[in-house]
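This report concerns only the one structure given below.
We name chains A, B, ... by the order of the sequence lines, and we start the count at 1 in each one. Since the model is a prediction, treat every value here as computed from it, not as a measurement.
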Protein chains: 2
Amino acid sequence: MSLSKLKQKAFTNEEVKVEYDKLENEFSFANFLLEMRNKAGLTQADLAKLMNTSFTSISRLESGKGNPSLKTINNFAHACGFQLNFNYSRLS
Amino acid sequence: MSLSKLKQKAFTNEEVKVEYDKLENEFSFANFLLEMRNKAGLTQADLAKLMNTSFTSISRLESGKGNPSLKTINNFAHACGFQLNFNYSRLS
DNA sequence: TAGCTACTTATCATATATGATAAGTCTAAT
DNA sequence: ATTAGACTTATCATATATGATAAGTAGCTA
């Protein structure tokens, strides 16, 4: 089983996810996107249809390739049924 | 005095900002960026130098033109001395 | 095995974000 | 009135994100 497959499965379990997050020191934005989609219970193909794009584009984003625009990030979240929130903290 | 000038001044005052946020129903990402730069006490020119770009690009972002990439947003925050945090809530 | 679903990767054309430059606006001084 | 600082707007070339297509990988089930 590949790492991304494992994550995909694991993230559907809240306890596993919490443990994973504790261990993961460098938070990946790709995982953030994957998490939203999994919480929404959508396949990449489902989400692609909602976003009027191809599922390969979804895969590209969740694989950490690319550098999505604000619009793309917001579209992704909304299609998953979520509202994005941004905040900032002093850099340590 | 233009609206953006007013905001720029007002946001340096925490109380004013809080009141503004209460009234503002639709949160603008441009204001979010402006707020970070003002908190950092930087001019557009200062920030531009830190980001290795021109101050007109900063203006473009803060004026709500454009659709910044994740990289640009992170560069902006870091140059202002902040760490960005993303989270999401169920869409109502 | 074969066939299916979900996903990744590679490639390409096109749309768009970015960096740069020039010109204009506004405000506060001198 | 004019000079300077901070910012906005317009335009253009170039870099890059996006959408689309095709081919490959992995897991599952009959």
Side-chain angles (χ1 to χ4, degrees), chain A residues 1-13 16 28-80 84 86, chain B residues 1-13 16-17 20 28-80 84 86:
Chain A
M1 178 183 282
S2 69
L3 176 59
S4 56
K5 278 281 177 192
L6 173 64
K7 285 185 202 168
Q8 189 183 353
K9 282 206 163 182
F11 281 1
T12 61
N13 179 316
V16 172
S28 142
F29 191 78
N31 287 340
F32 177 74
L33 296 176
L34 178 59
E35 187 184 307
M36 278 195 289
R37 181 170 63 81
N38 285 334
K39 282 239 176 78
L42 298 169
T43 65
Q44 289 182 338
D46 293 334
L47 181 54
K49 188 162 275 185
L50 291 171
M51 289 177 67
N52 292 315
T53 184
S54 58
F55 70 97
T56 57
S57 295
I58 308 294
S59 174
R60 180 166 47 192
L61 295 175
E62 294 180 356
S63 303
K65 317 323 198 208
N67 173 29
S69 70
L70 183 62
K71 198 185 294 181
T72 299
I73 297 169
N74 269 318
N75 284 348
F76 193 108
H78 291 162
C80 290
L84 268 192
F86 301 87
Chain B
M1 176 183 283
S2 69
L3 176 59
S4 55
K5 278 281 177 190
L6 174 64
K7 285 185 200 166
Q8 189 183 353
K9 282 205 163 183
F11 282 0
T12 61
N13 180 317
V16 171
K17 190 209 154 300
Y20 181 89
S28 141
F29 191 78
N31 288 340
F32 177 73
L33 296 176
L34 178 59
E35 187 185 307
M36 278 196 286
R37 181 170 63 80
N38 286 334
K39 283 242 176 74
L42 297 169
T43 66
Q44 289 182 339
D46 293 335
L47 181 54
K49 188 161 276 185
L50 291 171
M51 289 177 69
N52 291 315
T53 185
S54 58
F55 72 97
T56 58
S57 294
I58 308 294
S59 174
R60 179 167 45 194
L61 294 175
E62 294 180 357
S63 303
K65 321 316 198 212
N67 172 27
S69 69
L70 183 61
K71 198 186 294 182
T72 299
I73 297 169
N74 270 318
N75 284 347
F76 193 108
H78 291 162
C80 290
L84 267 192
F86 302 87

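Within the 4.0 Å cut-off from OP1 or OP2 of D:dT9, at least one side-chain nitrogen or oxygen of B:Lys65 is found. Proximity of A:Gln44 to the phosphate of C:dT8: a side-chain N or O atom is located under 4.0 Å from OP1 or OP2. OP1 or OP2 of C:dT9 sits under 4.0 Å from a side-chain N or O of A:Ser63.
Rounded to the nearest 0.5 Å, atoms CG (B:Leu61) and CD1 (B:Ile58) are 6.0 Å apart. The distance from the CD1 atom of B:Ile73 to the OG atom of A:Ser69 is 8.5 Å, given to the nearest 0.5 Å. Here the CZ atom belonging to A:Arg37 is positioned 8.0 Å from the SG atom belonging to A:Cys80, to the nearest 0.5 angstrom.
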Distances for protein N/O vs nucleotides 14-20 of chain D N/O pairs under 3.5 angstrom?
from   : atom 1 : to      : atom 2 : distance (Å)
D:dA17 : OP1    : A:Asn67 : ND2    : 3.2
D:dT18 : OP1    : A:Ser69 : N      : 3.1
D:dT18 : OP1    : A:Ser69 : OG     : 3.3
D:dT18 : OP1    : A:Thr72 : OG1    : 2.4
D:dG19 : OP2    : A:Thr53 : OG1    : 3.2
D:dG19 : N7     : A:Arg60 : NH2    : 2.6
D:dG19 : O6     : A:Arg60 : NH1    : 3.1

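Using a 4.0 Å heavy-atom distance criterion, B:Ser59 is classed as a base contact.
In this structure, the CG atom of B:Leu33 is 12 Å from the P atom of D:dT8, given to the nearest Å. Straight-line distance from the CD atom of A:Glu62 to the C1' atom of C:dC7: 9 Å, rounded to whole Å. In this entry the distance linking NZ of B:Lys49 with C1' of D:dG5 reads 15 Å, nearest Å.
Side chain of B:Ser63 to main chain of B:Lys65: no donor-acceptor pair is present (N/O by atom type, distance under 3.5 Å, no hydrogens or angles).
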- Task: Mind running side-chain contact (heavy atoms from CB on, under 4.5 Å) on A:Asp46 and A:Thr43 for me, showing each step along the way?
- Result: CA-CA 5 Å; A:Asp46 293 334; A:Thr43 65; 3.0 Å; yes
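Between A:Phe29 and B:Phe86, the angle of the ring planes goes over 60°, which puts this pair in the perpendicular group of the 30/60° scheme.
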